[in-house]
Amino acid sequence: MDVILPNLGFLLSGLATTAVLALISIVAGTVLGIVLGTLRYTSVPVLGQAAAIYIEFTRGIPLLVFLFLFYFALPALGGYKVSAYVAAAQGFSFFIGAYLAEDFRSGLRSVRPQLKQAARASGLTETQVFRHIVLPIALRRIIPTLFNQYVRLFKFTSVASVIGVSELTGRAMLVNAREFAPIAIIVTLALTYLVCCLALSSIGRALSHRFTVRT
Amino acid sequence: MSDRPMIEIESVSKWYESFRVLSDCTTAVGRGEVVVVCGPSGSGKSTLIKCVNGLEPYQEGRILVEGVEVGAKGTNLPELRAGIGMVFQHFELYPHLSVLENITLAQRQVLKRSKAEADERGRALLARVGLAEKERQMPADLSGGQQQRVAIARALALDPKAMLFDEPTSALDPEMIHEVLAVMSELAAEGMTMMVVTHEMGFARRVANRVVFMDEGRIVEDVETEAFFTAPESERGRDFLSKILNH
């Protein structure tokens with residue numbers, strides 16, 4: 001405790017950075033996932049195939065390499081500068097978006113064709129069928145999967161310390177370098193992630209219970 | 001309006017790949033008429049009824065609903081469908097919406113009614129099918145018969161000119177069939193134009209004006225109800241009736 005307490009403020013602000021980074025990436029990644037998943041689901045020509053290629057590509061690259069891409073390679077290629085924090089947010093969003101896209105797609109595909117037919121029979125257009133029937137049912141059904149991915153992402157954010165983002169893990173390592181108390185510091189670090197992830201998955205369970213679709 | 005039938009089906013044929021599911025089907029449903037379509041399973045009854053509101057495309061012939069050709073390129077299918085209610089074998093209620101929301105969704109999205117208007121109409125229809133107290137329930141909380149009555153209310157909410165029923169009681173337990181048929185009989189008595197695919201021959205005999213008997217994608221008989229039950233013209237019709245009536 002005597003190594004943690006004096007550094008508590010420093011570590012907590014790292015935790016805040018981690019939480020905000022995770023939240024931004026979750027929101028952006030989810031939006032990207034819905035868009036890509038919908039393109040895959042409706043098999044829009046060209047765009048649908050482009051989405052498929054993007055998803056395959058991303059899922060075949062290690063997360064750390066993906067972050068390097070956004071921090072070093074793309075800025076060099078495009079001639080722009082980016083902070084480690086922004087690069088990490090971009091990397092995580094695009095990374096998780098590719099995984100979420102497949103989850104969204106399978107959720108969309110879980111809606112029975114007969115149900116869509118019934119919705120069409122009542123005069124709804126294809127867009128209305130998608131917006132009012134297919135999408136809401138799919139979203140509700142994939143809440144558990146979604147939150148599994150969010151928990152994964154929350155833990156992934158520790159990788160951002162490698163490119164120098166001063167988030168929780170990065171700051172814990174700094175404290176450790178100064179105090180050299182690896183047991184206390186790393187156990188505290190691990191427990192902090194654990195508690196956050198448990199909280200996140202219990203939110204997921206509550207939501208999934210609240211919005212369950214019974215047939 | 002003219003004496004023209006509400007629904008006209010003229011020489012309609014349909015193929016799935018090379019398999020012909022409908023062969024040269026011709027019939028019509030007049031205003032206020034109740035036509036029962038029956039026949040063995042796989043005879044094309046459901047496919048034919050789904051062609052009427054364009055849920056299934058057909059490759060030959062014409063289907064006209066109040067003179068509008070269903071299969072024509074320029075036809076606004078959502079608009080045409082909004083004027084024809086449809087009830088399905090497996091109810092197809094929206095599982096994520098409450099009973100009342102099931103009935104108000106298309107009213108609001110298609111007919112652009114206000115929430116208050118749609119709710120009022122929805123409640124009136126729920127009362128009419130005997131389910132006024134169920135409006136807040138989810139579909140999964142209702143029995144099959146209740147779900148099917150909600151589905152009928154959902155279809156009626158758009159004030160349809162005609163109703164299509166695709167085996168509305170086939171998925172129901174015997175004790176629930178009656179409650180659904182009762183609602184349908186009431187509708188018929190009020191003068192609703194109806195096309196009903198069903199195996200309920202008692203209902204057909206009591207309610208239908210005409211019976212269309214199908215076999216292997218063809219309309220084999222298209223006659224007055226009494227004529228069908230007392231003296232079916234075709235061998236296959238006689239065979240079907242003897243099997244279905246003497247079980």
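All chains are named by letter (A, B, ...) in the order of the sequence lines, taking the proteins before the strands, and each is independently numbered beginning at 1.
Using a 4.5 Å cut-off on side-chain heavy atoms (C-beta onward), A:Leu124 and B:Pro78 make no contact. In this structure, the side chains of B:Leu97 and A:His132 stay at 4.5 Å or more apart for every pair of heavy atoms.
Note on A:Thr215, A:Thr212, A:Ile137: by heavy-atom pairs under 4.5 Å with chain B, the leading option is A:Ile137. Residue with the most contacts toward chain A among B:Pro95, B:Pro139, B:Ala82, B:Ala140: B:Pro95 (heavy-atom pairs, distance under 4.5 Å).
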Worked verdict on B:Asp141 versus A:Arg214 for side-chain contact (heavy atoms from CB on, under 4.5 Å): CA-CA 9 Å; B:Asp141 297 324; A:Arg214 287 169 301 128; 2.8 Å; yes
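Within residues 99-125 of chain B, the residues having any heavy atom less than 4.5 Å from a heavy atom of chain A are, in residue-number order, B:Leu105, B:Ala106, B:Gln109, B:Val110, B:Lys112.
For A:Tyr80, the OH atom sits in a packed shell: over 12 heavy atoms of surrounding residues, nucleotides or ligands are nearer than 6.0 Å. Shown here is B:Tyr16, whose OH atom has more than 12 heavy atoms of other residues, nucleotides or ligands within 6.0 Å. Within 6.0 Å of atom CZ in A:Phe94, 12 or fewer heavy atoms from other residues, nucleotides or ligands are found, so the atom counts as exposed in its surroundings. Around CD of A:Gln49, the count of heavy atoms belonging to other residues, nucleotides or ligands within 6.0 Å exceeds 12.
Summarising the geometry, atom CZ belonging to B:Phe88 is positioned 9.5 Å from atom CG belonging to A:Leu115; distances are rounded to the nearest 0.5 Å. Interatomic distance, OG of A:Ser122 versus CG of B:Asn53, reported as 10.5 Å (0.5 Å rounding).
With a 4.5 angstrom heavy-atom cutoff, B:Leu164 does not touch chain A via any of its atoms.
Considering A:Gln114, A:Arg112, A:Lys116, A:Gln117 in turn, A:Arg112 is the only one that fulfils the side-chain hydrogen bond (donor to acceptor under 3.5 Å, both in side chains) rule with B:Glu92.
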